[in-house]
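We count ligands from 1, going down the list as the structure has it; atoms in each ligand are counted the same way.
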Amino acid sequence: MNTLNDPQSFAYDQTAGPILSAAAEPAVSFENLSKTYRMDRIEVPALRGVSGQIERADTTFIKGPSGSGKSTLLNLLGLLDRPTGGQLTILGEDVTRLSDRAAADFRAQHIGFVFQGFNLIPVLSVRENVEFPLLNRKMSAAARKDRAMEYLDAVGLSEFVDRRPGEISGGQRQRVAIARALVSEPSLVIADEPTANLDTKTSREIVDLMDRVRTELNTSVVICTHDTDLITPDSSVIHIIDGQTAKE
Ligand SMILES: Nc1ncnc2c1ncn2[C@@H]1O[C@H](COP(=O)(O)OP(=O)(O)OP(=O)(O)O)[C@@H](O)[C@H]1O
Ligand SMILES: [Mg+2]
C-alpha cells in the first residue's frame with residue numbers, strides 16, 4: 001500500500017519540536033546572509049547579503065543564472081555549510097551559531113536534501129541508500145525497509161530496489177535521491193536542481209510528487225532550478241543574481 005495517498009497515515013505530530021510554538025512564523029527566515037569562499041589568497045563573495053523567507057507548507061523556487069549563488073544559499077539553508085555573516089532561523093530556532101554536532105542533529109531531524117550531484121552511496125543498493133537517513137531512528141529494520149519501499153514506490157522505482165546506483169539510469173538515480181530526501185518525512189525539503197537531466201514529463205512528475213508530499217505532510221519545499229517552466233504561478237520565487245536577491 002502506498003500511504004502517500006492516505007493523508008491520515010501522514011497526520012503530522014503537532015507536538016514535536018519547535019513547530020507548534022512558532023506556528024505563525026515562516027519555516028525559514030534569513031537576514032543579510034553572506035558567504036565568502038576563501039581559497040588561499042583568493043576570496044569569492046558568493047552571497048552578498050541575502051534576505052528572505054520560506055513559508056510553511058509552501059513551495060519556494062530559487063532561480064538565477066549559473067554561478068549566481070543558488071547552491072551556496074541552499075547549502076546554508078540545509079545546514080551543510082556556515083554563513084560568513086547574517087542570521088538564519090529554521091522552524092523557529094536560531095541555527096546560525098549551532099555547533100557542528102548540533103547542526104548535524106538538527107539537519108537529520110528536520111531537513112531532507114537532494115544534492116545537485118545526487119551523492120548516492122555506490123556500494124549500497126537503491127533501497128539501502130533510501131534507508132540510510134533512517135538508520136539513527138528508533139525504528140525496527142522491518143519498519144525502515146517498509147518506509148523505504150513506500151517512497152521508492154512513490155517515485156516509481158519498486159522494481160529497481162536491489163540494484164546499485166551504478167546499475168540504473170541518471171534519471172532513476174535522481175529519483176532515488178528524491179526518495180532518500182523524503183523518507184525521513186522532514187519539515188523542510190531542499191532540492192538543488194532535482195530535475196536537471198530529466199525529460200520534461202519526468203521533471204513534472206518529480207515536482208508533482210514533491211508537491212503531493214508538501215500538501216500531505218505540511219512540508220516546506222525549496223527547489224533550485226534553471227527550468228523556469230517548472231515554476232507554477234502560485235509558488236513563491238526567490239531570484240538570485242550575482243549573490244544578491246533581484247527584484248522580479
Ligand atoms: N567550494 C567553493 N569554493 C570556492 N568558490 C566556490 C565554491 N562553491 C561555489 N563557489 C563559487 O561561488 C559562486 C556561486 O556558486 P554556486 O555554486 O552557489 O552557484 P549556482 O547558482 O548554484 O550555479 P549553478 O546554477 O551552476 O549550479 C560561483 O562563483 C562559484 O564559482
Ligand atoms: Mg548550483
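The ligand atoms of ligand 1 that sit less than 4.0 angstrom from a heavy atom of Ser71 are 17 (O), 18 (O), 20 (P), 22 (O), 27 (O). Distances below 4.0 Å separate heavy atoms of Met39 from the following atoms of ligand 1: 4 (C). Listed by number with element, the atoms of ligand 1 under 4.0 angstrom from any heavy atom of Thr72 are 14 (C), 15 (O), 16 (P), 18 (O). Each of the following atoms of ligand 1 lies closer than 4.0 Å to a heavy atom of Pro65: 21 (O).
Closest to atom 12 (O) of ligand 1 among all protein heavy atoms lies Ala46 CB, 3.4 Å. Among all non-hydrogen protein atoms, the one lying nearest atom 27 (O) of ligand 1 is Gln116 NE2, 3.0 Å. Annotation: atom 25 (O) of ligand 1 to nearest protein heavy atom, Lys70 NZ, 2.7 Å. Among all protein heavy atoms, the one lying closest to atom 30 (C) of ligand 1 is Val44 CG1, 4.8 Å. In this structure, atom 23 (O) of ligand 1 lies nearest to the protein heavy atom Gly67 N, 2.8 Å. Scanning the protein for heavy atoms near atom 6 (C) of ligand 1, the closest one is Tyr37 CD1, 3.3 Å. The single protein non-hydrogen atom nearest to atom 26 (O) of ligand 1 is Ser66 OG, 2.6 Å, given as residue, atom name and distance.
Taken from CD1 in Ile62 to CD1 in Ile240, the straight-line distance is 6.0 Å, to the nearest 0.5 Å. With values rounded to the nearest 0.5 angstrom, Glu150 atom CD is found 11.0 Å from Ser158 atom OG. Rounding to the nearest 0.5 Å gives a distance of 12.0 Å between OG1 of Thr219 and CZ of Arg56.
Shown here is Asn119, whose CG atom has more than 12 heavy atoms of other residues, nucleotides or ligands within 6.0 Å. More than 12 heavy-atom neighbours from other residues, nucleotides or ligands sit within 6.0 angstrom of CD on Glu128.
With hydrogens and angles left out, the side-chain atoms of Tyr37 and Thr84 include no donor and acceptor closer than 3.5 Å. Side chain to side chain, Gln87 and Asp94 meet the donor-acceptor criterion of an N or O pair below 3.5 Å. Residues Thr59 and Arg214 have side chains that bring a donor and an acceptor to within less than 3.5 angstrom of each other.
Look at Asp100 and Arg82 and you find a salt bridge, because one of the NZ, NE, NH1 or NH2 atoms lies within 4.0 Å of a carboxylate O, short of that distance.
Of the candidates Ala196, Gly69, Gly64, Cys224, the one placing a heavy atom closest to atom 19 (O) of ligand 1 is Gly69.
For the pair His226 and ligand 1, a heavy-atom separation below 4.0 Å is found.
Put simply, Ser71 gets within reach of the Mg ion (ligand 2), with an N, O or S atom under 2.8 Å from it.
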